[in-house]
Amino acid sequence: MRTQVAIIGAGPAGLLLGQLLSRQGIDNVIIERKSGDYVLSRIRAGVLEQGMVQMLEEAGVAERLHREGLVHDGFSLAFDGRRHRIDLKGLTGGKTVTVYGQTEVTHDLMVAREGIGATTIYEADDVVLHDFDGASPRVSFVKDGVRTELACDFIAGCDGFHGVSRRSVPEGAIQEFERVYPFGWLGVLADVPPAAHELVYASAERGFALCSMRSATRSRYYVQVSLDEEVEDWSDERFFDELRRRLPEDVAAAVTVGPSIEKSIAPLRSFVAEPMRFGRLFLAGDAAHIVPPTGAKGLNLAASDIHYLSQSLIEHYRDRSDTGIATYSQRALARIWKAERFSWWMTGLLHKFPANTPFEQRMQRAEFDHIANSTVGSAGVAENYVGLPY
Ligand code: FAS
Ligand code: PHB
């Protein structure tokens, strides 16, 4: 087999890259470890920056997003029961975010890919990257018990944090930066109307909680839990009781309890691998970086990586220019680190850290009070939340 760009991973990064390249006539093959149904079954992000919405419009897959997505002009921070609204639209000159699940984004990209007849090899085992430091990279994998080889010009490692791409880079060629947080998020998806019409990020003595949503009839809730918690120990009743104890009274009173259709615990970490290019191998999305979900940046960073990478590859094939390829890592990392900072800062502001002294707890409260009483303070939060320019 041969293609121009081999893409490892059929998550949002891989599918979006494939769609953008195909629309420019650049041949690409996606190799995915799991089945398409499994990829769609993962419940993850829910908030899209304006830049990501524009990327999906460029990819020709934004029609359902504009029909079903919820445009949000703001969100609230709550601290010990006091609520402060961040007026995204007013503080950023009109920018907004769109609530639309990652599952839906992935579905729309899958449907579009099937529609153009591009090749996605699902349930590919033992994927191996070969010779990406030379001029003739290859990817081999086992499908239905047969090892197959795919020759290509470039490899895009879009295979997530636990993928094979980053692990294929020689140890001395890559530098990793990491912070693991001493807690996780227990998330619940339930077909009940949201407790508030916008997102509410709440910090309370008992810990952090988040009220989000997928639609006017489907809510997404999270509570901070310690790392030794097991999801089996959390009945729906226990979850909703804990959630309401962490929310401002008016929001808690508006929570509709209902059976969970998904319940899981996600660990929180900040992680960046530098650089993101190794010869003819490029890392993009979670394969290169992870943020705690507090700032709603993970999925959106994958999109901005793909903005830079797709541009670079299109320039290579269309304009015979390799300037984009040579500067991909530097340009992507410049935006990644700013999103890492915002996600780390927002996580530090809103969560209960076991090791925090009373002084640090006062610092959290003072930070919230500054934001709640300062237009400039609130504007700093708003410009990061809607997404910094690409
Ligand atoms: P993905 O991990 O989505 O996709 C990688 C793909 O590569 C997967 O389909 C995987 O099966 C495949 N793969 C892995 N190894 C392979 C191999 N060896 N060969 C072939 N294929 C392989 N972000 C937010 O913005 N908000 C959130 O609320 C949020 N919540 C999250 C909750 C959880 C539990 C997790 C894990 C992440 C969450 N994220 C959130 C971040 C998440 O949305 C990611 O940023 C997003 O999925 C990144 O997309 P990709 O880079 O495509 O990686
Ligand atoms: C979600 O809806 O899943 C969500 C929203 C905002 C976040 C994290 C998760 O910061």
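Counting convention: from 1, in listed order, for ligands and their atoms alike.
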Quick check for students: name every N or O atom pair between ligand 2 and the protein closer than 3.5 Å, with distances.
unit_1   : atom_1 : unit_2 : atom_2 : d
ligand 2 : 2 (O)  : S212   : OG     : 2.6
ligand 2 : 2 (O)  : R214   : NH1    : 2.7
ligand 2 : 3 (O)  : R44    : O      : 3.4
ligand 2 : 3 (O)  : R214   : NH2    : 2.9
ligand 2 : 3 (O)  : Y222   : OH     : 2.6
ligand 2 : 10 (O) : Y201   : OH     : 2.7
ligand 2 : 10 (O) : P293   : O      : 2.7
ligand 2 : 10 (O) : T294   : O      : 3.3
ligand 2 : 10 (O) : A296   : N      : 3.4

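Within the model, atoms OG of S321 and CD1 of I314 stand 12.5 Å from one another, a figure rounded to the nearest 0.5 Å. Note that the CD1 atom of I155 and the OG1 atom of T3 stand 11.5 Å from one another [nearest 0.5 Å].
Listed as neighbours of ligand 1 are I8, G9, G11, P12, A13, I31, E32, R33, K34, V39, R42, R44, A45, Q102, V127, C158, D159, G160, G163, V164, Y222, A266, G285, D286, P293, A296, K297, G298, L299, each bearing a heavy atom under 4.0 Å from the ligand.
Between W337 and F177, a ring centre-to-centre spacing shorter than 6.0 Å is recorded. Aromatic rings from F183 and F353 are positioned such that their centres are separated by under 6.0 Å. Taking the six-membered ring for Trp, F161 and H289 have ring centres at least 6.0 Å apart. Here F132 and F278 keep their ring centres 6.0 angstrom or further from each other.
A tilted orientation is assigned to the rings of Y201 and F208, their planes being inclined by 30° to 60°. Using cut-offs of 30° and 60° for the angle between ring planes, the Y221 and F239 rings count as tilted. Using cut-offs of 30° and 60° for the angle between ring planes, the Y390 and Y308 rings count as tilted.
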